[in-house]
Amino acid sequence: MDLKKTDDAVMRRVHAINQRVKYGKDNNLYFYNQAIEELRGGAKVLVNGREMGMYASYGYLGLLGHERIGAAAKAAIDEYGTGTHGVRSLAGTLTIHYELEETIAEFKNAEAAITYSSGYATNLTVVSTLMGRGDYVLSDKYNHASIVDGCLMSGAEFRRFRHNDMADLEKRLEEVPPDRSKLVIADSVFSMDGDIIDLPAVVKLCKKYGAWLMIDEAHSIGVLGATGRGIEEHFGLEDVIDIKMGTLSKTIPSVGGYVAAKKEIISYLRHASRAYIFSAALPPAQAAAANEAFKVILDEPWRIEKLNQNTQQFINGLKSLGFDTMLTETAIVPVFCGSDDSAFLLTRAAQNKDVFVLPVVSPAVPEGSARLRATVTAAHETEEIDYAMEVIGKAGKEIGII
Ligand SMILES: *Cc1c(COP(=O)(O)O)cnc(C)c1O
């Protein structure tokens, strides 16, 4: 017997999403979870049996499939097996975990580092372990969902400041009672728009108001700065971020998240953060892959140069076709479409010509600002990017976006 009524709140939520899914599938506009069947070199993938240029990757340096990184992962499986004995705090800690954490600390110019099994878990656990009831967290309005969730979970007063707006951040800092602990937190590169947080100004404000600073480098580790060390190197600042967070699943072709900071902070997190104490350690192959990837980044600096060239080519080319690429300064290139339907149509047209891009629609971005979120990597060739732009440009005209 089914006691659930059709107007049950859970059923309403389930139904609303499934209606949207059905609409997409019925109209051949459903691009969620398309399976990649094979990796074909750095910038090509096999999808639906067709080889496509990959313009939806966060592997900015093209390290996925890198021989040295693969070899390190295989060696770690031979040495440790495919898993650990459980959580880090019991028998899950392996020497490769400590090696990886030392590599990260050195790469990030920090005293120490700690790793977790995902970037999402890192933000959740780190924010909620550092902050608590009575404290204040000030978060950029465009911050990643994992930061928002960490702030909510912490129980601290949660305040959002206007995106990258330093006057608004200062106003919010002024509103915090002076005896309260406060944390300012922001993405380094914003994942929907590709713009960079004004770090020098944020640092100044944090000093003026005695606030802690945490920056999420998911899209800047290996990408920003001459040697890929991230946002501090980009702005020529040294060790100005208290909590340097990042992920091992994007430019670093593995999985996991990290925080680099002062020794005392890392020690505190090792003994108090619940995602470390109560959740499985990184698998050895993934820890070894991540460890090797940081070394490859330093050994192959041409990748950063190539990424910067490709980024300029892509942004300037799309702009000259008449597209609005919004605020981007990085390899995350939003191609403004407006309505969700325009974004879906542009995606379909591009994929039909073997250019693998994906749309971002509401509620991930505000209604009416749907877009493609296209990315380039160090693995793309100049001619490949030219072809992708030609396809996107032709379709954009037909749909009436440009
Ligand atoms: C992807 C991402 C995360 C989450 O990292 P995962 O390792 O994928 O869990 C956190 N913050 C930002 C800004 C991201 O883009």
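All heavy atoms count here, side chains included; hydrogens, waters and symmetry mates do not. Order of listing sets the numbers, starting from 1, for every ligand and every atom in it.
Remark: ligand 1 atoms within the under-4.0 Å shell around heavy atoms of H219 are 14 (C), 15 (O). The atoms of ligand 1 that sit less than 4.0 Å from any heavy atom of S146 are 10 (C), 11 (N). Listed by number with element, the atoms of ligand 1 under 4.0 angstrom from any heavy atom of T247 are 5 (O), 6 (P), 7 (O). In the vicinity of D187, heavy-atom distances shorter than 4.0 Å reach the ligand 1 atoms 13 (C).
By the 6.0 Å and 45° rule, R159 does not stack over the aromatic ring of Y136. Stacking of R270 on the aromatic ring of Y116 is not recorded, the 6.0 Å distance cut-off and the 45° axial limit not both being met.
Every residue was checked against the salt bridge (Lys or Arg N to Asp or Glu O under 4.0 Å) condition with R373, not counting sequence neighbours, and none meets it.
From the protein, the heavy atom lying nearest to atom 8 (O) of ligand 1 is S249 OG, 3.4 Å. Among all non-hydrogen protein atoms, the one lying nearest atom 13 (C) of ligand 1 is D216 OD2, 3.3 Å. Given atom 3 (C) of ligand 1, the protein heavy atom at minimum distance is H144 CE1, 3.5 Å. Nearest non-hydrogen protein atom to atom 6 (P) of ligand 1 is G119 N, 3.4 Å. Among protein heavy atoms, the minimum distance from atom 9 (O) of ligand 1 is reached at Y120 N, 2.8 Å. With hydrogens left out, the protein atom closest to atom 1 (C) of ligand 1 is K250 NZ, 1.5 Å, a heavy atom.
Between A121 and A275, the shortest heavy-atom distance links the atoms O-CB, 4.2 Å.
Look at R20 and D340 and you find a salt bridge, because one of the NZ, NE, NH1 or NH2 atoms lies within 4.0 Å of a carboxylate O, short of that distance.
Between L248 and ligand 1, not a single N/O pair is under 3.5 Å apart. Distances between N or O atoms of S191 and those of ligand 1 include no value under 3.5 Å.
Using modelled atom types and a 3.5 Å distance limit, the side chains of E264 and S267 yield no donor-acceptor pair. Using modelled atom types, one finds a donor on one side chain and an acceptor on the other under 3.5 Å when comparing Y80 with T95.
Taking the six-membered ring for Trp, H380 and Y55 have ring centres closer than 6.0 Å.
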